[in-house]
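First the structure, in the form of structure tokens, and then the observations on it.
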Amino acid sequence: MLNEYDHKKIEAKWQKYWETKKLFAAADKSDKPKYYCLVEFPYPSGDGLHVGHPRSYTAIDILARKRRLQGYNVLYPIGFDAFGLPSENYAIKTGIHPSITTQKNIETFTRQLKALGISFDWSRVIETTDPKYYKWTQWIFLQMYKHGLAYKAKIPINWCLSCKIGLANEEVVGGVCERCGGIVEKREKEQWMLKITKYADRLIADLNTVDYLEKIKTSQINWIGKSEGVNFKEKVKDLDIEFEVYDSIPQTFLAQTFTVIAPEHPLVEKLIKGTEYEKPVREFVKKIKDQKAENRFELENELEGIFTGRYVDNPFGTGDFPIWVASYVLADYGTGIVNCSAHDQRDWDFAKKYSIPLKIALLPKDKKLAEKVKNLEVFYRELDGILQEPEEFKGLSWDKAREPVIRYIEKHKLGKPQVNYKLRDWVFSRQRYWGEPIPMVFCQNCKETGASPDGWVPVAERDLPVKLPDVKKYEPTDNGESPLAEITSWVNTKCPVCGGPAKRETDTMPNWAGSNWYFLRYIDPKNDKHLADSKKMEYWAPVDWYNGGMEHTTLHLLYSRFVYKFLWDIGAVPKNCGSEPYQKRTAHGMILGEGGVKMSKSKGNVINPDQVVTELGADTLRVYEMFMGPFDQAIPWDTKGVIGVRRFIEKVWTIYNGGVKIVPEAQKDLVFLTNKTIKKISQDIETQNYNTAVSALMILANKIIEIGSMDKDVAEVFLKILSPFAPHITEELWEQLGYKKSISCQEWPQFNSALIKEEEVELVVQVNGKFRDRIKVSPDVTEQRVEILARESEKVNKYLEGKVVKNIIFVPGRLINFVI
RNA sequence: GUCAGAGUGGUGAAAUUGGUAUACACGCUAGCCUUAGGAGCUAGUGCCGCAAGGCAUGAGGGUUCGAGUCCCUCCUCUGACACCA
């Protein structure tokens with residue numbers, strides 16, 4: 001009678017074993033080399049674990065388990081990023097305190113994660129909502145403030161009408177609020193800002209020192225959007241107004257003929273005041289603003305503008321530029337004012353529409369085309385265009401002229417070089433309850449005495465954390481203040497500087513605040529003196545391998561690199577940890593619902609991991625998620641595919657439970673394939689080709705069954721290389737083989753390169769590149785010998801008969817090709 | 001529109017990185033077994049063709065002895081960002 005495969009019993013047994021033996025707790029002191037691998041910690045939502053979570057966690061678990069077998073001291077921690085809107089919105093709806101909901105959700109997540117058999121170090125769990133944790137989140141804010149990186153500014157922000165909070169540019173998706181999908185309008189509001197732009201250059205440059213997927217580097221670079229150009233100094237004719245105009249391609253400055261200004265620009269009002277243009281321009285500005293507010297603004301459709309009646313006193317002496325208000329100009333990029341020439345498609349279209357005269361700076365080499373361009377018949381902007389002015393650079397191409405023209409502009413004091421970034425400083429204030437309070441107070445007295453020019457005073461470090469008080473209502477107040485503003489007993493406090501009455505900042509931090517630095521806290525999660533002990537950081541930091549979603553590339557990943565760099569700069573992170581937090585960053589693809597659409601409750605296509613674990617087992621779920629397709633690609637869930645993997649797991653069970661005999665003598669074919677498989681699995685784990693790794697394991701299992709017997713070495717190796725993927729069943733079978741010590745404490749097998757050297761290889765014979773036959777030869781056979789053997793083949797001869805062989809291509813170990 | 005990525009059987013996908021296209025799985029077909037099954041076993045399964053053989057990696061061109069892989073043009077999808085001067 002065969003032993004039945006009972007995944008429930010086996011998985012519960014080994015999960016308990018790992019937990020009681022503390023097998024995966026990382027040691028802070030060890031002779032072994034360290035390895036720190038990390039996955040993005042989850043937000044514990046009320047929906048429970050998504051099947052997407054195990055994809056990333058299993059992948060890095062495989063790595064962690066392999067590294068342990070390879071002799072590393074591995075840190076693979078987990079925690080919860082628990083501040084956030086869903087809990088707060090739930091509290092608004094139900095009146096249940098977010099901390100209660102959060103604790104409940106964390107319990108669910110913990111149970112679900114443990115059921116997956118992921119080798120997390122559960123002794124280091126952190127929660128961003130724990131005051132002992134956010135004490136240090138607040139501490140980091142104070143350091144930023146003290147180093148001039150946190151400042152309060154009244155700036156136009158994205159205001160979500162329904163959430164009643166300010167959003168970072170990065171959080172507005174398609175003109176609407178990323179969280180609620182509500183209308184976003186521009187509103188002026190005092191906000192705490194973090195000066196990430198100060199780090200922009202380093203955030204680009206240091207990408208050279210890390211091993212990130214190329215597409216991650218590219219999207220960070222594009223997000224930061226560094227652009228080097230020139231700021232021209234200009235003056236409005238007949239008015240005492242000066243301003244600057246940014247141009248990222250200043251080579252063509254002598255062709256500029258008009259100037260456009262953003263409708264929202266404060267200067268617009270000054271330009272038109274008291275003139276006949278006042279009324280129509282105001283109406284136009286209002287129209288555009290309204291369109292933008294209602295999100296009806298489609299740029300591609302409409303280029304609209306209106307003349308202000310004013311001119312720029314042209315510094316280049318080529319005629320004054322009329323100033324137009326144009327719908328397509330952004331108020332918050334560059335200076336909000338742009339000089340236009342015929343070399344930008346939009347400017348060209350705009351000028352055509354309103355019959356504004358244009359000049360040409362670049363002419364193509366092609367004479368016919370040059371004539372058309374000159375007559376303004378066609379739009380032209382090419383890198384190999386020839387510059388016409390200024391005279392001393394005439395004949396240079398656009399890209400070659402760039403540097404000399406910039407120097408020329410500087411020399412003639414027409415403007416100065418200016419670097420602009422697409423990246424904005426980070427709006428760090430939220431008018432919300434469920435976040436870390438910003439540890440600042442406002443003191444009128446200190447403002448008056450000048451102790452603090454703007455009245456803002458940091459809370460003393462010894463008074464951290466500033467704990468989040470209980471409130472009765474969780475809604476933001478009607479004027480947009482955080483619900484904290486209504487708790488006067490909390491708001492009214494003493495100024496840490498003068499001791500006089502002061503008021504607390506009632507804004508809280510965004511949900512990225514806690515995830516900026518969490519990987520440092522795992523190193524020393526219970527430290528109450530520092531965010532983490534220096535010695536421990538020196539040992540563990542930086543993270544060796546960090547995996548997460550592609551969607552976090554430009555927000556979380558960039559923000560946390562910035563915060564880490566800052567902490568490193570001020571010495572809060574030891575110098576020898578290096579200036580980058582993550583040595584390697586990879587990204588996993590999403591798991592979609594069946595049919596390739598996103599899983600969502602409303603579509604009813606959500607797969608519950610609990611159910612899969614209960615019915616088919618964690619090992620099956622893990623192996624399936626690794627097998628389903630390329631790791632970095634979005635893949636639809638396939639219920640039938642899971643069953644295929646379950647069959648494989650059962651097959652493995654059968655092999656070790658009477659299906660295959662363990663015999664003393666080694667089987668040559670099997671030893672060969674086993675060694676090849678060790679090599680493949682070892683490589684595939686490093687390159688994240690988990691799907692082909694699983695397929696290799698299946699091929700080996702099929703081979704073992706086909707042969708019907710295996711020696712003990714093969715029996716052991718197979719379990720060892722399968723164990724990172726399917727840890728429970730392999731532990732059980734390992735024990736069945738008679739071993740007392742867990743398979744998690746063994747050594748990762750080495751392949752024997754002598755054994756994977758083939759004694760005979762199959763060589764392909766081609767005629768004119770077409771496959772005709774294959775012949776078996778020894779690997780070091782000579783070309784002459786192969787040619788003779790190939791010509792002996794009838795199939796080949798058929799094609800060679802009566803033909804002249806012009807050439808023979810011979811690739812050792814691969815093929816011979818007759819060219820006739 | 002910009003940037004990035006991708007198009008291979010009925011499906012998810014492999015392809016030693018320029019060298020036998022379709023590994024491994026799912027599904028399907030036939031047979032066996034079973035009281036029954038998300039069960040098991042055996043054989044088959046890219047397309048056309050009785051066969052010999054021919055044709056197939058989004059379309060078209062090119063480089064090469066040889067292209068899924070490299071180059072050019074185009075088409076289609078996916079994701080991110082929205083007027084970035």
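- Side chain N222(A) to base C3(B): no donor-acceptor pair is found below 3.5 Å.
- In terms of position on RNA chain B, the residue among V338(A) and M628(A) whose nearest nucleotide sits closer to the 5' end is M628(A).
- Taking atom P on both nucleotides, A14(B) is separated from A6(B) by 12 Å, rounded to a whole Å.
- Rounded to an integer number of Å, the gap from D632(A) CG to A13(B) P is 11 Å.
- Summary of the strand contacts: K215(A) and F771(A) both lie near RNA chain B, and taking for each the nucleotide with the nearest heavy atom, the more 5' one is attributed to K215(A).
- Glycosidic conformation at G44(B) (O4'-C1'-N9-C4 for purines, O4'-C1'-N1-C2 for pyrimidines): anti, more than 90° from 0.
- Here the separation of A23(B) from U8(B), taken at their C1' atoms, is 13 Å to the nearest Å.
- Among the atoms of the strands shown, only primed sugar atoms or phosphate atoms (P, OP1, OP2) are found under 4.0 Å from some heavy atom of I699(A).
- Nucleotides U35(B) and A30(B) place their C1' atoms 24 Å apart, quoted to the nearest Å.
- Side-chain contact annotation: N420(A) with E228(A), donor-acceptor N/O pair under 3.5 Å absent.
- One interatomic measurement links the two molecules: NZ of K651(A) to C1' of A39(B), which rounds to 14 Å at whole-angstrom precision.
- Side-chain N/O atoms of R647(A) include none lying less than 4.0 angstrom from OP1 or OP2 on G38(B).
- Contacts of I809(A) with the nucleic acid, taken as non-hydrogen atoms under 4.0 Å apart, include base atoms.
- I635(A) has its CD1 atom 13 Å from the C1' atom of C26(B), to the nearest Å.
- Backbone-only contact: N702(A) has heavy atoms under 4.0 Å from sugar-phosphate atoms and none from a base.
- Comparing U20(B) with U57(B), their P atoms sit 15 Å apart, to the nearest whole Å.
- Side chains of N547(A) and S56(A): a donor on one and an acceptor on the other come within 3.5 Å.
- If you check the side chains of Q766(A) and D773(A), you find no donor sitting under 3.5 Å from an acceptor.
- Using a 4.0 Å cut-off, some side-chain N or O of K770(A) falls inside it from OP1 or OP2 of C55(B).
- Residue-level contact check: T692(A) touches the backbone only, with heavy atoms under 4.0 Å from sugar-phosphate atoms and none from bases.
- Nucleotides G9(B) and C26(B), compared at atom C1', are 12 Å apart to the nearest Å.
- Rounded to an integer number of Å, the gap from D684(A) CG to U17(B) C1' is 14 Å.
- Relative ring orientation between Y559(A) and W512(A) is described as perpendicular, the plane-to-plane angle rising above 60° on a 0-90° scale split at 30° and 60°.
- Atom-to-atom, CZ of F232(A) to C1' of A85(B) comes out at 12 Å; the value is rounded to the nearest Å.
- Considering only side-chain atoms of S695(A), the nucleotide from A23(B), A4(B), A85(B) that sits closest is A23(B).
- For K640(A), the listed nucleotide lying nearest its side chain is G27(B); candidates were A85(B), A25(B), G27(B).
- When rounded to the nearest whole Å, the span between CG of L423(A) and P of C3(B) equals 20 Å.
- Taking atom P in both G19(B) and G68(B), the straight-line distance is 10 Å, to the nearest Å.
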In dot-bracket form, how is RNA chain B paired, counting a Watson-Crick or G-U wobble pair only if both its distances are under 3.5 Å and using | for bases paired to another strand?
-> (((((((..(((......[....)))((((((.......))))))(((....)))..(((((..]....))))))))))))....

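- For W637(A) and Y624(A), the ring centers are positioned less than 6.0 Å apart.
- Listed nucleotides: C65(B), U16(B), A85(B). Nearest to the side chain of R814(A): U16(B).
- Across all strands, F627(A) comes closer than 4.0 Å to base atoms (heavy-atom distances).
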Taking it one step at a time, do F258(A) and F321(A) satisfy ring-ring contact (aromatic ring centres under 6.0 Å, His included)?
-> CA-CA 4 Å; F258(A) 67 105; F321(A) 306 161; 8.5 Å; no

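- Remark: K217(A) NZ is packed, more than 12 non-hydrogen atoms of other residues, nucleotides or ligands lying under 6.0 Å away.
- A donor and an acceptor atom, one from each side chain of Y421(A) and D201(A), are located under 3.5 Å apart.
- Here N691(A) lies in heavy-atom contact (under 4.0 Å) with sugar-phosphate atoms only.
- Residue G644(A) is classed as a sugar-phosphate contact, given heavy-atom separations below 4.0 Å to backbone atoms only.
- P636(A) comes within 4.0 angstrom of no nucleic acid atom, judged by non-hydrogen atoms across all strands.
- R646(A) comes within 4.0 angstrom of nothing in the nucleic acid, heavy atoms only.
- The pair R585(A)-E40(A) counts as a salt bridge, with a side-chain nitrogen and a carboxylate oxygen less than 4.0 angstrom apart.
- Whole-Å rounding puts the E787(A) CD to C65(B) P distance at 18 Å.
- Between P54(A) and L621(A) the shortest heavy-atom distance is CG-CD2, 4.5 Å.
- Relative to the side chain of K422(A), the nucleotides A25(B), C65(B), C84(B) differ in distance, and C84(B) lies closest.
- The same atom, P, is picked in U69(B) and in G7(B); the two are 11 Å apart, to the nearest Å.
- As judged by a 4.0 angstrom heavy-atom cut-off over every strand, K806(A) is placed among residues making no nucleic acid contact.
- The residue Q633(A) sits close only to the backbone: its heavy atoms come under 4.0 Å of sugar-phosphate atoms, none of a base.
- A syn base is found at U17(B): its glycosidic angle is within 90° of 0.
- In summary, the side chains of N689(A) and K680(A) do not present any donor paired with an acceptor at a separation below 3.5 Å, with no hydrogens or angles considered.
- Comparing the P positions of C47(B) and A36(B) gives an interatomic distance of 33 Å, to the nearest angstrom.
- At whole-Å resolution of the value, CD1 in I221(A) and C1' in A80(B) are 15 Å apart.
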